[in-house]
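Scope of the values below: all heavy atoms of this structure, side chains included, with no hydrogens, waters or symmetry mates. Just follow the structure's listing: the first ligand is 1, and inside any ligand the first atom is 1. For the single chain, residues carry numbers from 1 onward in sequence order.
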Amino acid sequence: MVAAYNPYDNVLRVVDNAARILGYQPGEYEAIKYPERELQVSIPVQMHDGSVKVFEGYRIQHSTSRGPAKGGIRYHWNVNKDEVRALAAWMTFKCAVVNIPYGGAKGGVVVDPEKLTSEELRHLTRRFTAMILPIIGPDKDIPAPDVGTNPEIMGWIMDTYSMMRGHCVPGVVTGKPVQIGGAPGRKEATGRGVVITTGNILAKHGMDIADATFAIQGMGNVGGTAARLLHERNARILGVGDVSGAVFNPDGLDITAIMAHLGEGKLLESHCAEGVRHITNGELLGLDVSVLIPAALENQINESNVGDIKTKFIVEGANGPTTVEADAQLEKMGVVVVPDILANAGGVVVSYFEWVQNIQSMSWTEADNNAKLTEIMNRSFNDVWDISHEKGVSLRTGAYLIAVKRVVEAKKNRGIWP
Ligand code: GLU
């Protein structure tokens, strides 16, 4: 029997490899292999029919060496402890690679939010917030949106925390609605960062977004925003997919029409237009396009389908979409992979701006947020590109060389207490 895939093992293998190249002795980086703190909670919710359901939830802080823990909260039926651990560790390295002063954390609740009424979702969120309250806070651990959560839910977290503290604490969570201290542009920031990074990797190969063709897996906040921004820059997007399947048009999809369809709460399976063919998720990943953007969940490009990949570039909008085995295979195939911790860091970068503004009671414009985001994404991309070329390693290994070094050196400078 094949051992169950454990995304946290994926993280450890990548970290070990980077630490070895950096010349660290095992003892020097041992501590960063373990999450600092893990909280598991059982969340009772009174459902609208009067019954009580108990949901399993987590908040895991991987590291606080470089600053308060930071990372989203995921609502998905497939959430489990090892996934949340991996997602928390990726946050540590993501914040390190873009050099913002945070550690990493992640939260998750095992729930299909689509199956809950808005009131049930609010009760679940408030109770979960109350249960993780002892370990979160603007100077401790700052949640944000992730798969299955959104600004409205962040607003409920902010309100619950504030009510329990007895005063307004906007800096406890990022990705809030702009009316209560959310940063304008935060919602689009991950997708925007993916597009900035795509432009950067193409430019290094003498190409432009407008000359390239694309396939995008996932039309949620990240994939949907990336599709819209790429479309605005005259990219030809040949295929996009969601949970229901994928659509393909060799001449390029009408992204505006697709976004309008999805905006009505419909899925791609019911999208029909001239020249559009319905294909499977597997066929989407195997499309012969210049750039593939996986923007859904982990483990999508794995040993079973890596041989089908035909694209030249993969820009990882999702966290952990490529397994270690598939990554090694892609490198042999000459596919250039821009890793998740760099490519999708735009969200947490603008979360950082939001938090900075909240704790100073300031507010910047969307243009300010976008300009500073662009600056950080460009600088981080160039840092990763340069070290990868200097050391002759993949962009993923290059990103981890920078990130692991920053985390280990922070730990060394602090020393081990007591
Ligand atoms: N959930 C997002 C991520 O995976 C954003 C986290 C944040 O803004 O704190 O990067």
Side-chain angles (χ1 to χ4, degrees), residues 7 11 58-64 66-76 79 83-98 100-109 132 136-138 140-151 153-154 157-158 170-177 181-183 185-194 196-197 218 220-226 294-298 315-321 338-359 369 372-373 376-377 380 399 403:
V11 180
Y58 298 94
R59 184 71 187 173
I60 296 184
Q61 297 168 344
H62 172 261
S63 173
T64 54
R66 299 182 62 258
K70 183 86 189 82
I73 291 178
R74 177 172 293 197
Y75 285 178
H76 193 270
V79 160
E83 182 193 49
V84 182
R85 277 185 177 156
L87 290 162
W90 284 321
M91 287 311 303
T92 301
F93 300 113
K94 190 183 301 188
C95 294
V97 81
V98 294
I100 55 176
Y102 285 137
K106 204 81 172 198
V109 178
I132 64 170
I136 62 169
K140 287 200 236 176
D141 179 357
I142 306 111
D146 195 73
V147 174
T149 56
N150 57 28
I153 293 175
M154 299 307 113
I157 294 176
M158 181 270 212
V172 66
V173 64
T174 59
K176 300 177 292 293
R186 168 62 186 86
K187 197 164 190 303
E188 296 77 24
T190 313
R192 187 177 296 280
V194 166
I196 294 168
T197 305
N221 186 40
V222 181
T225 303
L297 296 169
E298 304 88 60
V315 181
E316 294 183 333
N319 291 310
V338 187
D340 47 6
I341 59 167
L342 171 66
N344 72 33
V348 74
V349 168
V350 179
S351 275
Y352 167 57
F353 301 157
E354 181 170 326
W355 174 79
V356 163
Q357 292 165 69
N358 291 159
I359 57 184
N369 289 322
K372 288 193 168 65
L373 168 68
I376 292 184
M377 293 306 292
S380 308

Suppose we measure from [atom] to each protein heavy atom; which comes out shortest, and what is that distance?
atom: atom 3 (C) of ligand 1; answer: K94 NZ, 3.3 Å
atom: atom 5 (C) of ligand 1; answer: R186 NH2, 3.5 Å
atom: atom 8 (O) of ligand 1; answer: S351 OG, 2.6 Å

Element-labelled atoms of ligand 1 that are located less than 4.0 Å from some non-hydrogen atom of [X]:
X: G347; answer: 8 (O)
X: D146; answer: 1 (N), 2 (C), 4 (O)
X: G71; answer: 9 (O)

Exercise for review: Give the ring-plane orientation class for F93 versus H62, where under 30° counts as parallel, over 60° as perpendicular and anything between as tilted.
Suggested key: tilted
Practice item. Return the option from A144, G104, P145 holding the heavy atom at the smallest distance from atom 2 (C) of ligand 1. Key: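 Going through A144, G104, P145 one by one, P145 has the nearest heavy atom to atom 2 (C) of ligand 1.
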Review point. For atom 6 (C) of ligand 1, which candidate among E354, K70, M91, K106 holds the nearest heavy atom?
Key: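 Result: the heavy atom closest to atom 6 (C) of ligand 1 is in M91.
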**Study point:** Min side-chain heavy-atom separation R66-T92 under 4.5 Å
**Key:** no
Check your understanding: Are the side chains of H76 and E83 in touch, meaning some heavy atoms are under 4.5 Å apart?
Key -> no
Review point. Counting N and O atoms only, with roles assigned by atom type, does the side chain of N344 sit under 3.5 Å from a partner on the main chain of G317, one being a donor and the other an acceptor?
Key: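 Side chain of N344 to backbone of G317: a pair is present.
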Point to revise | Region of N319 engaging ligand 1 - heavy atom pairs below 4.0 Å | key: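 Within the 4.0 Å criterion, N319 contacts ligand 1 through side-chain atoms alone.
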Check your understanding: About how many Å separate CD of E188 and CG of N221, when rounded to the nearest 0.5 Å?
Key ->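 N221 atom CG to E188 atom CD measures 7.5 Å (nearest 0.5 Å).
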Revision key, fill the gap. So CG of D146 and NZ of K106: to nearest 0.5 Å the spacing works out to 3.5 Å
**Study point:** Minimal non-hydrogen separation, T149 against P145, with atom names
**Key:** OG1-CA, 3.3 Å
